[in-house]
Amino acid sequence: MSYSRYLVHRRLLLHLRKCPSVNTSTSRLDSQKRLISTSNRCRTVMPAWVIDRYGNNDVLRFTRNAGFPVIHYPNEVIIKVFAAGLNPIDVSMRGGYGAATLSMRRDPLNITQSGSEFPLILGRDVSGVIMECGLDVKHFRERDEVWAAIPPWKQGSLAEFVVLSANEISHKPKALSHIEAAAIPYVATTAWSALVNTGGLSKDKCANKRILILGGSGGVGTFVIQMLKGWGGHVTVTCSQNAERFVQGLGADHVVDYTAGPVEEPLSKLEKFDLILDNVGGDTERWALGLLKPWCGAKYVTLVTPFMQNTDTLGVADGMMQTAATVATKALKHLIKGVHYRWGFFVPSGPALDEVRDMVDAGQIQAVVEETFRFSQVPQAFEKVEKGHARGKTVVQISQDGE
Ligand SMILES: NC(=O)c1ccc[n+]([C@@H]2O[C@H](COP(=O)([O-])OP(=O)(O)OC[C@H]3O[C@@H](n4cnc5c(N)ncnc54)[C@H](OP(=O)(O)O)[C@@H]3O)[C@@H](O)[C@H]2O)c1
């Protein structure tokens with residue numbers, strides 16, 4: 001839908017909402033409404049992929065009648081989605097992952113009439129154009145091209161429109177298409193939170209630091225390799241053998257094949273590291289912290305944490321207590337050995353994406369899109385992500401208007 005058509009629809013919708021008592025059978029409004037209805041029904045609804053319950057891929061349902069997003073707060077914007085990136089969390093959320101915690105964070109104004117989170121729209125990455133701004137939005141205007149990572153407690157980007165806060169969005173890099181741009185925000189903001197906020201790295205504090213990325217060939221890994229190389233770090237990566245050349249092409253200095261045997265053996269022969277980012281989890285914690293330089297402020301940051309599983313299985317209060325106890329015990333255990341143990345989490349951030357955009361514009365980061373799907377192929381896109389062994393990102397093209 002073009003911007004001008006969008007405006008006609010929205011103005012009419014607002015007018016209709018303000019005038020509930022108008023006799024639409026005889027009024028001028030009625031003729032206007034019918035005029036629009038012939039081509040595109042009055043926009044209280046939009047096309048989207050939704051789920052109405054948690055489960056496997058069968059729960060994904062396409063509808064033309066998903067609720068149209070509404071600006072509830074003055075700092076919000078409505079974005080027309082051109083492309084939506086998928087992440088492993090979308091597959092997990094489809095199955096109910098994090099339902100307890102996320103339900104607690106959902107805005108009551110956005111809870112549907114049924115009183116539950118359903119119908120729920122997945123999709124955490126968006127690249128698109130702003131159609132409407134709340135009254136307090138200062139740094140963005142209608143028609144600006146933007147990208148964003150959508151918090152998992154908000155409706156996602158597998159829809160024609162999405163509403164977000166202005167502090168969650170950023171102007172999209174001009175050099176990237178919408179499809180390319182939709183491959184970056186969620187992994188970039190996760191990496192920023194884990195490496196900068198938790199790991200203490202920055203563009204001025206990374207030169208010659210030795211960093212190990214466990215699981216370097218997927219969405220997070222392919223972004224992090226480029227970001228750290230852009231900042232002058234020395235990057236070692238683990239991945240399977242058939243991804244070695246791929247990650248070297250992104251800048252990895254040293255690659256270790258985890259499928260060739262216990263990966264800790266070749267890693268332990270290398271010079272020790274200043275920081276480890278763990279995208280793999282499982283038993284990596286058993287040996288990975290021994291690869292850090294002791295008593296130098298070196299940190300291990302894992303993205304694979306039991307936080308959501310704890311709240312899903314134990315309830316929010318007990319789950320949080322269990323989580324706090326687990327992380328405190330582990331942090332203390334490793335602190336007395338001279339290394340720091342941390343958990344990393346996705347944090348939505350427009351300002352972080354501004355910094356990433358500068359790196360993209362400077363040619364330091366490129367989008368790594370493994371496969372693109374059409375809007376009609378969302379279930380196939382989920383199947384692709386679910387199979388694992390990603391080599392970059394899976395993106396869904398929602399609209400061709402922006403290309
Ligand atoms: N805490 C948070 O807020 C947060 C945010 C984002 C992501 N995450 C988590 O971080 C992890 C990575 O995310 P992602 O988007 O990068 O996932 P992804 O795109 O699926 O990539 C994961 C990659 O890890 C590789 N891998 C699997 N097992 C491995 C092993 N034992 N050693 C080395 N590499 C291995 C796989 O490649 P091969 O083909 O080489 O096996 C795969 O491509 C996921 O578990 C995700 O849930 C957490």
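Read the numbers this way: they start at 1 and go in the same order the structure lists the ligands and their atoms.
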Is the shortest distance from a heavy atom of [X] to ligand 1 less than 4.0 Å?
X: F307; answer: no
X: A243; answer: no
X: P88; answer: yes
X: T238; answer: yes
X: K393; answer: no
X: V304; answer: yes

Indicate yes or no: does an N/O atom of [X] lie under 3.5 Å from an N/O atom of ligand 1?
X: S240; value: yes
X: T305; value: no
X: G219; value: yes
X: G392; value: no
X: N87; value: no

What is the nearest protein non-hydrogen atom to [atom], stated with its residue, atom name and distance?
atom: atom 34 (N) of ligand 1; value: G215 CA, 3.2 Å
atom: atom 39 (O) of ligand 1; value: H389 ND1, 2.6 Å
atom: atom 22 (C) of ligand 1; value: G218 CA, 4.2 Å

Check your understanding: By salt bridge (charged side-chain N to carboxylate O under 4.0 Å, His left out), which residues pair with R342, not counting sequence neighbours?
Key ->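 Salt bridge (charged side-chain N to carboxylate O under 4.0 Å, His left out) check on R342 returns nothing, list empty.
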Practice item. State which residues pass salt bridge (charged side-chain N to carboxylate O under 4.0 Å, His left out) with E168; sequence neighbours excluded, sorted by chain then number. Key: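 Partners of E168 by the salt bridge (charged side-chain N to carboxylate O under 4.0 Å, His left out) criterion, ordered by chain and then number, come out as K154.
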Point to revise | Face-on cation placement of R124 at Y186 ring, 6.0 Å and 45° thresholds | key: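 Negative - R124 is either too far from the ring of Y186 or too far off its axis.
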Check your understanding: Numbering the atoms of ligand 1 from 1, which are under 4.0 Å from a heavy atom of F346?
Key ->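 What qualifies from ligand 1 is 2 (C), 3 (O).
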Point to revise | For N279, the ligand 1 atoms whose distance to one of its heavy atoms is below 4.0 Å | key: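 Per the distance check, 11 (C), 12 (C), 45 (O).
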Review point. Going by the angle between their ring planes, with limits at 30° and 60°, are H334 and Y341 parallel, tilted or perpendicular?
Key: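 It falls in the parallel class, under 30°.
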Exercise for review: Mark yes or no for whether W231, through its side chain, and Q226, through its backbone, hold a donor-acceptor pair below 3.5 Å.
Suggested key: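 Here the side-chain-to-backbone pair does not exist.
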Exercise for review: Report the residue from K384, K393, R391 that forms a side chain to side chain donor-acceptor pair (under 3.5 Å) with E370.
Suggested key: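 Exactly one option meets the side chain to side chain donor-acceptor pair (under 3.5 Å) with E370, and it is K384.
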